[in-house]
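Here's the structure we're looking at; comments come further down.
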Amino acid sequence: MSTKTTSLFPRELVREAFTQSFVKLAPRTMLRNPVMFTVEIGTLIMLLVTLYTAFSSDGSQGSFGYNLTVFLVLFVTLLFANFAEAIAEARGKAQAASLRKLRADTPARLKLADGSLKTIRSSELRKGDTFFCEAGDAIPTDGEIVQGLASIDESAITGESAPVIREAGGDRSSVTGGTRVLSDRITVKVTGEPGTSFLDRMIALVEGASRQKTPNEIALTILLAGFTLVFLIVCVTLKPFADYANTTITIASFISLFVCLIPTTIGGLLSAIGIAGMDRALQANVITKSGRAVETAGDVDVLLLDKTGTITIGNRKATAFHPAPGIDKSAFIKTCARVAGG
Amino acid sequence: MNTELLGVIATYGLTLLLAIPLGRYIARVYKGEKHWSDFFLPVERAIYRLSGVDATKEMTWKQHLKALLTINLVWFVYGFFALLFQDKLPLNPDGNAGQTPDLAFNTVISFVVNCNLQHYSGESGLTYFTQLFVVMYFQFVSAATGMAALATLFVGLRERTTQTLGNFWMFFTRSITRILIPLSLLVAFILVVRGTPMTFDGRSTVTTLEGAEQQITQGPAAGMIAIKQLGTNGGGFFGVNSAHPLENPDYLTNMVENISILLIPIALVFALGFYLKNRRLAWTVFGVMTTGFILFVAGSITAERNGNTEIAAMGIAQPMGSMEGKEIRLGADASAMWGISTTVTSNGSVNAMHDSMTPLSGTLQMLDMMVNSFYGGVGVGFLNYFIFIIIGVFIAGLMVGRTPEFLGRKVEAREVKIATIIALLHPFLILVATAIASYTNTHHGDAAWTVQPANWLNNPGPHGFSEMLYENTSSAANNGSGFEGLGDNNFFWNFVTGLVLILARYLPIIGPLAIVGLLAAKKVIPAGGGTLRTDTGTFGGLTFALILILAALSFFPALALGPLAEYFGMAH
Amino acid sequence: MTKGPSLDGAELIKFTAETRSSGVDLPNGHRIRKGAQDAMRKLPERPGTPFPHEVDAEVKRIAANGGTPLVVSENDRVIGTIELQDIIKPGISERFERLRKMGVKTVMVTGDNPLTAKFIAEKAGVDDFIAEATPEDKMAYIKKEQQTGRLVAMMGDGTNDAPALAQADVGVAMNSGTQAAKEAGNMVDLDNDPTKLIEIVEIGKQLLMTRGTLTTFSIANDVAKYFAIVPALFMVSIPALGALNIMNLYSAESAILSAVIFNAIIIPLLIPLALRGVAYRPIGASAILRRNLLIYGLGGVIVPFIGIKLIDLAIAPFF
C-alpha cells in the first residue's frame, strides 16, 4: 500500500491491459456486457461482409476498402472497451499485488495437540489451527491471539510505522497476515481458510473473479440493454422502410448506425468504473468485502462517529489552571506539573 | 390572421383556467373527502349493488389490474357481438347492416381501448343502438378506466408505505358519475344550442337550392360528441368527425370542443399535485408537457400559415394559409391547433383532414403521438409520462451520486426493468407494424386479398409511407385519428391495428401500476440534503430531453422517409 | 493506595477505583492528589476543612463549558482546579459541514455525560450525539434511523460493536479491532482512521456519479450521430433528404465512417474519467444535477457534432 499509483497508465500495466483486451474478446466474457456483445456480433458480420466484397465482384455492398475500414473501426471499438476494463483491473491488481507480496509463503509454527511445535508453510494452515510467533517472526495469516501479548509492526499494510500492541482477550486481539512481531510471544488461532482472508477477498474482487454486479449496476445494465433493443428495432425496421422508398442501404451502414446509436460509451466503460471505485477504496486503505458496500456508502444518510479519535484528539489537554483563593498561581501550576500524567 | 391567433391563445387560456379548479375537484373526488357532489352517492351505491361489487375494500395493485382487465374483457365480448348483429337489434331506422367480423373486432377493440380508430363511417357503419350503447357507452367507460388507473397511481405515490391502493370500482364509478357525465351534459348542451342534432329520427330529406333532393344523416350526436372530446376518445358520430357541420357547427363549438379535448388530461396533472399536496411537482410536469405542446402548436400553425409551397410555386396566392382539407368556418390556425391538441392527447377527433395538411404539420402530429405523453389520453397520458419519470429519476439519481429515488421510494432494478420494457414497447409496436405493412406493400403488392396491398395507398412515395406510419402510430398511441387516404377497412389493417391497439393500451397501464405497486410497498425515505428533487426545472428539463431523445429520435429514420422527405422534396 | 515505583524519590500514587484519585507523595512529605470533584470532596472534608465554595463554582463553570474539571489537593487541602478540555481536531467541523451539504447527518457517540457531549457536539458541528453511550444505545439508534428508511454507517472495533456493525448498512471495522468486529462489518480500514468513513462516502458517491454522467453523455451523443448517419443513408436515393445533412459532411461514406470513428475514440478518451471518477462537490443534489447535465448532457450533444465534423474533414481527402 505504500506504493500508490500516481500515473493513470504506468507502462507495465498498459502492456498487460493490452494483452487482456484481446483475451477479453472471447464471447463468453463479452456476454457479461450485453451492449458490447452486440457490437462484437456486428463486428463479426462486418468481417464476413468484408471477406465477401474481397472475393466478389458484386458492388452493391460498397467497396472492399470501405467495408474493411468499418470492420477495423468496430474491432478497435471492442478493443478500446476491453482495454478500459483491463486497465482498471490491472491497476487494482497492482494495488493488491503489493499487499499480496506479504502473503508469500512464510514458515508457520503450528502448535500440535500435545503442545509441541511443527514448522509448516503458511498455506497449509487451516481454520481453527493455532500457531506460535515470537519476536522477529512474520505472522503467517489472519488470526486471533488466544494467549500472550506482543508489539507488532503493521507498517507493511497500514504504512503506520509506530508498532501496535496486540493481546489476547479484549478488543485488540486480532492480527493480520504479513505483519511482523517485534517483541514478546503470542499464540494465535487461525480464523479463516486459506484464500478467504480479507485481503484474498479484496484481491479476488478487483481481479474480477468474484466480482458481482451491484444492484445499481444491474439496473443500469437493464436500462442500457433496453436502449440497445430500441435501436436494434430502429435499424431492423429500416430495411423494409428503405425497400418501400427504393433505397438500398448497405450492411455496413446498418451496422454503423446500430453501433453508433447504442450506448457503447457507457457500455464500454461500465465495468471499468466499478472496478476503479473499489480501487479508489483500496487506495484509501479500505478493504471492502463487496462492490455493493462502496455503493451503499454513497447513499448513507446517517454517520455514527466515535468522539474520541474522530472528533477530538485522543487525550484531553489541560487548558487552564484555576488556583483556589489564597494560592499562588505559579506555585499551583508547579504543583500540578508534579501530578501530570499520573 | 391575428384574430385567428387570438382565438388559439384564448382557447388554450380558457382550458388552463378551467383545468386548475377541475384538477382540485378531481383530487377530492378520488380522495373520497366530503364534497357537495356527494349527492351522487345514492346513484353510485345503486350501481355498486346492481353490479355486485364491493367498493369499500382496499385492493392491491394486482387486484386493481385484475378488476380492470376483467371488466374490459366483458366489454369486448359484449361489444363484438352487438356490432356483429346490429342489424337485428333495435334503433336502426336507416337499416344499416351488421359489421364484418374483422371490422367488428377492430371497432370494438378500438373503442374499448379508448382509441376510436374508425375503419367505418358512422352514417352507414353503425346503428343508433350501437352508436349509443356500444360506441358512446365505451367512450365513457374506457375514459373512466384510464382515469381509475391514474387514481390508483395517485394513491401509490402518497407518502406512506402501503400494499393497497384504494378501490378500483370506486375510482371507476366516480370518474363517470362525478366527472365525465356532468361535463358531458354541459358540453352537449352548448352543442345542441349551436345546432348539433340530438334525435332518434332517421335521415332527413331536404331539397337543396339547386332543387336536388339530398338525404342528411342525423341522430343522437350531441351527447356522443361531448364525451368523445372529454374522454379523449375522438370517435365521431359522422365519418368526417368534427369537420362535419353537424358535429362542429361554428367557431364557438370548435373552441368548446377543443377545450374539451385538452381539459381533462391537463386537469389530471393538476389533480396529481392537489392529491399528493405537491403542487410544484404538478407544475413541473405541466411545464414539460406544455413546452412540448406549445412547440408543436407553434410549428404547425407556422407551417399551415405559410401555405403549400407547391401551390405558391404555381403563382397562386394563399392569403388564408394552406386551406386544403380545412373548413373555411374554422380557418388554418384553429385547424392546426386542433390537429396538435387531438394528437397530443390521444383524442383523435379531427376538424380538418390531417392527410391534407402540410408535411411539417404531419410530422408534428405523428411526433406527438410517438411521444404520447405531452398531456396524453385521460389518465393514461400521465402513466406514460410516469415511465419517463422513472427512467429520468434513475439516470439523474446516479448523476448526483445517490441510489435513485422518486417521492422517497428507491427506484431499483425491478422498476427500471418494467419502465424500460414499457418505454421500448411504443417504438417497437409502431416500427414493427409499419415495417410489416411496408414489406407487404412492397414485396407482396399483388397478394390475392380483397384489397390488394398495392392498392392500400392513395398516394405513392413518401406520402404513402406517411399514411401507413400515421395509421400505426395512431393505433399505438390509442389516438384513433387517421391520415385518411389509407384503405384501412380490410383484414390486414383491421387485424394489425387491432393487435397494436390491445398491446399499446394494456401494457402501458399494467407497467406503471406494477411499478407503483412495488414503490408503494417500499419504505418512504424522508427527503434530505442529498435527495434529488423531482419538482425542479432541472429535472423537468432532463425529462424533456429524455423524451425527445428516446421517444422522438427513435422515429427519426422513419419520419425522414415519410413526411420529411415529402417536405424537403417540395418546391422551396 | 497502591504505591508505584519512585522517580526522584517521589512516590506515584496510581488511580484506583476505590479512591478515584491519583497523585504523588513527594520526599518532603507533601501529598498531592487530583481527581473528580466528588472524589476529592471527601479528602478535605475528612480533616474537617470545608471544600472552598469558589472552587465549587469553578468546577460547575468548567463542566458547563464542556470541560472536565480536576480538583487538586495538597496535604488534603484543596488548592485549585485544572481545566481539561477535549481538543477538537482541526478542520473537523469543515468536514462535517461538507457532510451536511451532502445530506449526511453526523452523530457523535461518546461515553461523556450529556452536558459535556452537547457542548462538544455543538463546538464540532455534529448534528446529533449519543451521550453515555452503551453498545445497546448504538444499536437502538441505528435501528431507529433505519426504521425511517435511512441508511446508517458506523465504525467500530470492539467485540461489543459487532452487532451494531452488522446492523449498520455500512459497517467499517478497524483493522486493529477484534475478529468479530471485522467479520460483522462490510469494510475493514487498514489505517484504523475513524475519519475514513467520510472518504468512503465520497468514493461511493463518485462511483454512482461517474456511471450516471457517462450514461447521460452516451445517450446525448445520439443526437449528432442521427444527424450524421440518417441523411447519409438516404442522400443518394432521395437527394431531398440531403437537407438533413446539417453538418455538411463530405459524402455518405465519409459521414458514416466519421460517426463510427468518433464512437470508437471517445471510449479511450473517457477512460481517465472512468478511472478517476467524476469529482464530487457538496453543493446540493439539484446543483450537482444542473452542473452535470450542463457538462455531460449538453456537452454530450455538442461534442460529437464538433468531433464528427473534424473527423470528416480529416478523412474527406481519401474519398
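We name chains A, B, ... by the order of the sequence lines, and we start the count at 1 in each one. Here the structure is a predicted model, which is why all the values come from computation and not from measurement.
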Heavy atoms from other residues, nucleotides or ligands near [atom1] of [X] exceed 12 (cutoff 6.0 Å):
X         : atom1 : value
Lys417(B) : NZ    : no
Lys118(C) : NZ    : no
Phe305(C) : CZ    : yes
Arg98(C)  : CZ    : yes
Phe428(B) : CZ    : no
Glu97(C)  : CD    : yes
Arg158(B) : CZ    : yes

Separation of [Y] [atom2] from [X] [atom1] (nearest 0.5 Å):
X         : Y         : atom1 : atom2 : value
Tyr567(B) : Leu241(C) : OH    : CG    : 12.5 Å
Leu561(B) : Ser237(C) : CG    : OG    : 8.0 Å
Asp222(C) : Leu550(B) : CG    : CG    : 9.0 Å
Gln146(C) : Lys523(B) : CD    : NZ    : 7.0 Å
Leu294(C) : Thr538(B) : CG    : OG1   : 10.0 Å
Thr216(C) : Leu398(B) : OG1   : CG    : 8.5 Å

Side chain proximity check, [X] to [Y], heavy atoms < 4.5 angstrom:
X         : Y         : value
Thr536(B) : Leu289(C) : no
Met399(B) : Ile288(C) : no
Leu244(C) : Phe568(B) : yes

Between [X] and [Y], which heavy-atom pair has the shortest distance, and what is it?
X         : Y         : result
Ala565(B) : Ala240(C) : O-CB, 4.3 Å
Phe234(C) : Ala560(B) : CE1-CB, 4.4 Å
Ala285(C) : Val400(B) : O-CG1, 3.3 Å
Val230(C) : Pro557(B) : CG2-CG, 4.0 Å
Arg533(B) : Ser286(C) : CB-OG, 4.2 Å

Choice from Thr213(C), Thr210(C), Leu207(C) maximising heavy atom contacts with chain B below 4.5 Å: Thr213(C)
Contacting moiety of Gln147(C), where chain B heavy atoms sit under 4.5 Å: backbone
Proximal component of Ile219(C), with respect to chain B [non-hydrogen, under 4.5 Å]: both
Backbone of Leu553(B) reached by a side-chain donor or acceptor of Tyr226(C) within 3.5 Å: yes
